[in-house]
Amino acid sequence: MRSFRRRLLTATALVGATTLVGAMTTVSTASAGDNVSARLAEALRQAVVAQDFKDVIDLTPPEQVTASGRAGTSRAGTSRAGAPEKYDSVPAEEMAAELSASSSAAAGRPIHQMPNMDLAVIELDGYGRPIAMADVLLSPQYPNGVVVPLNKRKLATDQVRYRWWDDTEWDVNGGKGTRDVLAGRENAPIDFSSPYPASVLKLMVGFGVLRLADAGRVNLDAVYDYQPVTINPACGGASSKVIRQHFDEMITKSQNESTCALIKMIHDLGAWDQVNQMFVDLGMPTLMVTGTNPGNGGRWIGSNMSSIDTAKLLLLVNGGYGTLWTTDAGKAVTRNELSAASRGQFLKSLGDQGHNEMLSTTNWCGRDYPVQGIPQVTPQRWIQPDGTVKVGDAVYDSDVRPCNESAEVTYGHKTGWVDTTGSDAGIVKSLPGKEKRNYIVVAFSNLGTDYVDTYRPADPPGVFPVLYTEKYAKLGAAVDRIVTSLR
């Protein structure tokens, strides 16, 4: 079971303090700068706790994996016992059939410990500038959540010791990782294993491509001939496509073949070290894509993202006025780190997202399960004449037109999922005439397709399955209400 999973690729009361109770760690958000950020942080912490993320079923509990000889992914990024890499894909119809057949709560056991989650929100003013920010972590060490202290000017923290994700370590080591993401954080008061970002890592690939385009090293309208040295099943065989098409497919459809092509293209240019250094120089040091295969663009497990740095990347892409944040070295980061044309391309693809099914769930409009999350409008690009949605081979059976009629926001975002990852990151903006909100939200967790709700119904035959616990949708709706109520 876990081998197969490897292949798949209430709003709460707002308060002004951040004193954590019971067994929680006490962390002040004074460095965040203002009361609005403190209120936002505490409200988000309460919303995360309210979802009771430990109340899920693990379809492949640790003892089952051990007994079958299928251990998880090692921190070196290789798969043990011959299991495929985490992002490996299977045909949509095969995946849908097997996932639907195996996702009954009766097939697993209650999750043995609190999952990990990293949730960040940055609220923006009408000019796209940050006015409030918050980051909340959940893990076996912080079962009631912990608010991360953020420096208002830098939109950053040095109070978290981030660890590389490792499935086996999380299962058997009390959720504690052993390999540091960043050097020099050994004495940080918060210790947290960052969930693998899955396909949200494609935001980093996209940023790298567009920075190289702005530097004149890539022509988005040129054809890239993808010629893999060795074939990776997730990456597919040789292809020739316009680079802009690769970019769009990577973001809107989460197409792995296009992602592999772009990763290999950056390898061809010898530019991955440069791209990763860009993240460091721009004050987003937890963002990195390492260890990928230069011969085919595969092997993505060496990727890491914290939610606050991912939110900053989206803040830059969003293109607000003036200085967005300042780095440790004193550099003022502005929207000009990407050209207007590159930001436009990025925003268009994010806005055309086809997979609206985690923090937002409009692809399942009208169903009792999952509940509706962020009340976004579904892009017309994927809507069929009967109102249903089709994204590549993924067929959804819900008429999304009623949800579009009642939509309150646009949500330009990127989702990601594998067996032990659920991730979503995007930009929320209110539609004309709707209650104003303008914010960025990022959520990373290890609750992927291996974890289901106790009451999860069977998927209808012949349609794309529900990939995530509906607790994510409830959290998305709670975040939207919290940000709205802060005004």
Worksheet item: Can you find a side-chain donor-acceptor pair between D450 and T60 that sits under 3.5 Å?
Response: yes

Discussion item. Do T469 and D453 pair up side chain to side chain, a donor and an acceptor below 3.5 Å, judged on atom types alone?
Written reply: yes

Worksheet item: Between F346 and F207, does the ring centroid distance fall short of 6.0 Å?
Response: no

Fill in: Spatial distance of atom OG1 (T259) from atom NZ (K202) [nearest 0.5 Å]
4.0 Å

Worksheet entry | From CD1 (I440) to CG (L124), nearest 0.5 Å | 5.0 Å

Fill in: Under 3.5 Å side-chain donor-acceptor pair for D191 and Q141
no

Discussion item. Students often mix this up, so state it plainly: with edges at 30° and 60°, are the rings of F464 and W417 parallel, tilted or perpendicular?
Written reply: perpendicular

Item to complete: Check whether the ring centres of H355 and W382 lie less than 6.0 Å apart, and answer yes or no.
Response: no

Practice prompt. Drop me the distance from N116's CG to Y142's OH, to the nearest 0.5 angstrom.
Written response: 10.5 Å

Worksheet item: Hey, what do you get for NZ (K253) to OG (S258), rounding to the nearest 0.5 Å?
Response: 7.5 Å

Worksheet item: More than 12 non-hydrogen atoms from neighbouring residues, nucleotides or ligands closer than 6.0 Å to CG on D368, yes or no?
Response: no

Worksheet, complete the sentence: Exactly one of D424, T362, N356 clears side chain to side chain donor-acceptor pair (under 3.5 Å) with Y411, and that residue is D424

Practice prompt. Assess the side chains of Y472 and S445: does a donor N or O sit below 3.5 Å from an acceptor N or O?
Written response: yes

Worksheet item: With sequence neighbours left out, which residue pairs that include part of residues 404-418 fulfil the salt bridge (charged side-chain N to carboxylate O under 4.0 Å, His left out) condition?
Response: E408-R437

Fill in: Note: D248-R381 ion pair, threshold 4.0 Å (strictly below)
yes

